[in-house]
Amino acid sequence: MSALIELSGFSKRFGDTQVLREIDLRVERGEVVVIIGPSGCGKSTLLRCLNGLEIGEGGLQFAGEALDAGSDWSRVRQRIGMVFQSYQLFPHMTVLENILLGPLQVQKRARAEVQAQAEALLTRVGLGERAGAYPRELSGGQQQRIAIVRALCMNPEVMLFDEVTAALDPEMVKEVLDVILDLADGGMTLLIVTHEMAFARAVADRILFMDEGRIAEEGEPQAFFSAPRTARAQQFLERFSYLQNVPRRK
Amino acid sequence: MPSSGLELLWQVAPQLGRGAIQTLAIALAAILCSTLGGLLYGVLGSLGRRALDALLRFYLELFRAIPLLVWLYLFFFGLPLLTGVSLSSFACAVLVLSLWGASEVGEVVRGGLQSLPRAQREAGLALGLSTWQLYRLVLIPQALKRMTPPTINVYTRLIKGSSLAVLIGVIEVIKVGQQIIERTHEHVLIYGTLFVFFFLICYPLSLASRALERRWSYA
């Protein structure tokens with residue numbers, strides 16, 4: 001059986017800037033892949049290329065189907081859920097309307113069935129009571145959990161998380177990460193871009209370390225975090241461990 | 001001769017009424033076409049296609065740089081000469097006002113759409129929405145609040161602009177007023193009545209604009 005996502009020699013440039021360079025990557029069904037790396041290394045762009053928000057060059061396959069600029073991306077996107085750093089709920093719709101939009105308008109499913117699923121998912125993320133609220137009435141952590149439910153309600157085969165806790169106050173990070181851990185436990189295929197190293201270590205089956213548009217190193221989280229092989233990864237991780245343990249001023 | 005102003009107004013009311021209906025018909029038709037045309041202009045202008053932007057820009061500048069009066073003459077007298085097609089003065093007035101209004105409403109719509117966070121568009125696309133669904137369900141409803149006051153401003157300018165139609169022979173309310181003045185020399189009374197007429201139409205529009213703005217004041 002082919003991989004769910006397969007990139008071969010995949011590149012992306014914005015004008016003169018080469019953002020992704022000859023990426024080769026296979027993601028199997030049920031796998032949890034966490035992508036880390038310094039700002040501007042191309043990790044967000046990589047996610048955005050997978051659902052066609054950016055179009056790159058080279059081989060890109062989803063569930064065995066080759067994708068390029070001419071593909072029917074609307075159909076592909078129904079199978080790929082995406083959650084953004086800044087939640088991006090639609091402010092003029094209630095929580096429930098946000099969640100039902102895709103299933104009703106794009107997938108043309110029956111309202112009763114979708115609504116039951118939406119309510120079950122809301123309960124699962126601890127927001128069963130907020131279906132009628134507007135996004136502005138919710139905290140960042142609550143909005144982000146709704147955004148996850150909105151993507152999940154399309155019954156995607158993979159979820160892309162693009163720095164989904166980066167805009168959150170620290171006390172709200174946990175409630176969002178718990179939802180993602182729950183998804184991983186349920187066997188969902190996940191691609192996660194994050195700066196939360198402890199979380200990456202806890203959730204990942206595989207870590208990809210990106211640098212300057214390349215996958216500079218990859219491996220199991222245990223091995224990667226305890227003994228990174230490349231100098232760039234070592235540097236990067238040192239900066240994070242410093243932040244965990246800033247020395248007391250004299 | 002009628003003895004009092006009220007009596008005169010009572011006598012000329014049917015005549016003024018017919019003129020008023022002409023004015024309102026032109027304005028209403030132009031408002032409708034401007035809105036539809038403006039939405040199209042605004043959506044096309046927000047797609048970020050360079051050639052399309054240049055074309056829309058050219059159209060906008062054409063209608064900003066050349067007075068409406070010149071456009072009216074151009075369509076009324078020029079079109080038959082150039083194409084052999086001649087439009088009624090009413091149709092001509094509606095067409096010219098609509099073309100102008102569509103470019104003005106269009107700029108408002110384009111600005112409203114471009115003011116939305118880019119990621120809202122991406123969040124919609126990521127759900128699999130088509131471009132049409134994205135605009136209809138996500139982007140335009142959000143931009144409505146910002147678009148409404150300036151759009152209504154264009155509407156009131158269309159209503160006032162409809163009086164230009166007199167110059168290509170449409171007997172609208174101001175022309176009727178002038179005819180009555182020629183007969184009766186009641187300048188103040190008739191122009192006063194016209195003042196009240198335009199005010200009564202345009203003022204509720206700006207009230208409505210403010211009410212809508214309040215109703216849509218989410219986020």
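Every chain is numbered from 1, with letters handed out A, B, ... down the list of sequences. Computed from a prediction, not measured in an experiment: that's the story for all the values here.
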Would you compute the distance between atom CG of Leu129(B) and atom CZ of Arg77(A) and round it to the nearest 0.5 angstrom? 9.5 Å
Name the region of Phe84(A), side chain, backbone, both or neither, that has any atom closer than 4.5 Å to a heavy atom of chain B. side chain
Can you tell which part of Gln133(B) gets under 4.5 Å to a heavy atom of chain A, answering side chain, backbone, both or neither? side chain
Does a sphere of radius 6.0 Å around CZ in Arg136(B) hold more than 12 heavy atoms from other residues, nucleotides or ligands, not counting ones at 6.0 Å or beyond? yes
Between Ser130(B), Gly128(B), Pro117(B), Gly124(B), which residue shows the highest count of heavy-atom pairs closer than 4.5 Å to chain A? Gly128(B)
Above 12 or not: heavy atoms from other molecules or residues under 6.0 Å from CD of Glu129(A)? no
Return the CZ to CD distance between Arg121(B) and Gln88(A), rounded to the nearest 0.5 Å. 12.0 Å
Determine whether more than 12 heavy atoms belonging to other residues, nucleotides or ligands lie under 6.0 Å from atom CZ of Arg146(B). no
Suppose a student defines contact as a heavy atom less than 4.5 Å from any heavy atom of chain B. Which residues in residues 41-54 of chain A would they list? Arg48(A), Asn51(A), Leu53(A)
For the interface with chain B, which of Val76(A), Leu101(A), Val83(A) has the highest count of heavy-atom pairs at distances below 4.5 Å? Leu101(A)
Separation between CG of Leu137(B) and CG of Leu104(A), rounded to the nearest 0.5 Å: 10.5 Å
How long is the span from the CH2 atom in Trp73(A) to the CG atom in Leu125(B), to the nearest 0.5 Å? 12.0 Å
Step through the shown structure and confirm whether more than 12 heavy atoms of other residues, nucleotides or ligands are within 6.0 Å of CZ on Phe195(B). no
Above 12 or not: heavy atoms from other molecules or residues under 6.0 Å from CZ of Phe58(B)? no
Which residue in the set Met154(A), Gln78(A), Met82(A) passes side-chain contact (heavy atoms from CB on, under 4.5 Å) when paired with Leu127(B)? Met154(A)
Evaluate side chain to side chain contact (heavy atoms under 4.5 Å, CB included) for Gln142(B) paired with Met93(A), printing each intermediate quantity in order. CA-CA 10 Å; Gln142(B) 281 188 63; Met93(A) 298 180 189; over 6 Å; no
Is the count of non-hydrogen atoms from other residues, nucleotides or ligands lying under 6.0 Å from Arg111(A) atom CZ greater than 12? no
Is Leu160(A) close to chain B through its backbone or its side chain, or both, or neither, when contacts mean heavy atoms under 4.5 Å? neither
